[in-house]
Amino acid sequence: MRVVILGSGRGSNAESILVAQQAGRLSRARVVGIFSDQPEAGILSLGLRFNVPAMFIDPAPFKTKLEGEGETRFIAAVQAARPDLVVLAGFMRVLKPGFLNAFAGKIINLHPSLLPSFPGLDGIGQAFRRGVKFAGCTVHGVTAEVDGGPILDQAAVRVAPGETLDSLTARIHALEHTLLPTVIARLSEVE
Ligand code: GAR
């Protein structure tokens with residue numbers, strides 16, 4: 001299963017996928033490309049380290065969504081990698097029908113909350129401020145509804161007495177780093 005990863009940030013989840021691949025834990029999946037909408041994103045440095053093509057793609061003209069010329073550039077770059085699966089690992093842009101239709105049924109997203117609670121930005125902060133007793137992360141199929149597609153898997157932790165936003169964030173990131181590679185491995189086995 002050919003996997004393309006899209007991300008905007010430091011890339012710790014992309015790293016967890018690549019580490020799992022190196023360790024032989026990705027089953028039949030293989031990362032074939034990493035693309036970012038941020039030229040300085042840490043995720044791009046993984047390319048050299050893991051010997052995978054990694055590239056900035058100009059997302060202009062919009063700031064928070066992928067549409068118009070930027071969308072066309074992303075579709076072309078991702079299509080060239082011939083993915084069976086497109087993984088959004090911290091890709092902080094809303095996808096529109098052009099991209100969604102080009103890779104229909106092949107896109108999954110990692111979100112740092114127990115969906116359907118706390119979609120959108122800052123899922124961990126939203127949950128923490130709401131005082132939930134369980135928090136976690138979700139991997140779901142991507143549809144036109146933001147953070148609304150079918151849930152593939154989730155992982156949860158109990159919020160500890162005296163928990164801070166920082167400690168909860170660290171614990172949820174640790175859950176993400178196991179959950180996402182596990183889901184990818186599972187998907188590759190049924191492909
Ligand atoms: C992750 O926590 C992921 O759940 C979140 O961005 C972070 C990326 O971290 N995604 C979203 O909030 C999407 N709505 P990373 O760059 O270290 O993998």
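In each ligand, atom 1 is the first atom listed, and ligand 1 is the first ligand listed. In this chain, numbering begins with 1 at the start of the sequence shown. Remember, it's a predicted structure, so these values are computed and weren't measured experimentally.
Connection of Ile172 to Leu152 is not established within any shared hydrophobic cluster, with ILVMFWY side chains joined at heavy-atom distances below 4.5 Å, either directly or through further cluster members.
Ring pair Phe103/Phe99 is tilted by interplanar angle, where 30° to 60° counts as tilted.
Closer than 4.0 angstrom to ligand 1 lie heavy atoms from Gly9, Arg10, Gly11, Ser12, Asn13, Gly90, Met92, Leu110, His111, Pro112, His173, Glu176.
The side-chain contact (heavy atoms from CB on, under 4.5 Å) test with Leu88 is passed by exactly one of Ile108, Ile107, Ile5, Leu110: Ile107.
Side-chain contact of Gln38 with Ser8: a donor-acceptor pair under 3.5 Å is absent, judged by distance alone.
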Give the intermediate values and the outcome of side chain to side chain donor-acceptor pair (under 3.5 Å) for residues Ser113 and His111.
CA-CA 6 Å; Ser113 78; His111 183 76; 3.3 Å; yes
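A distance of 11.5 Å separates OG in Ser16 from CD in Gln21, rounded to the nearest 0.5 Å.
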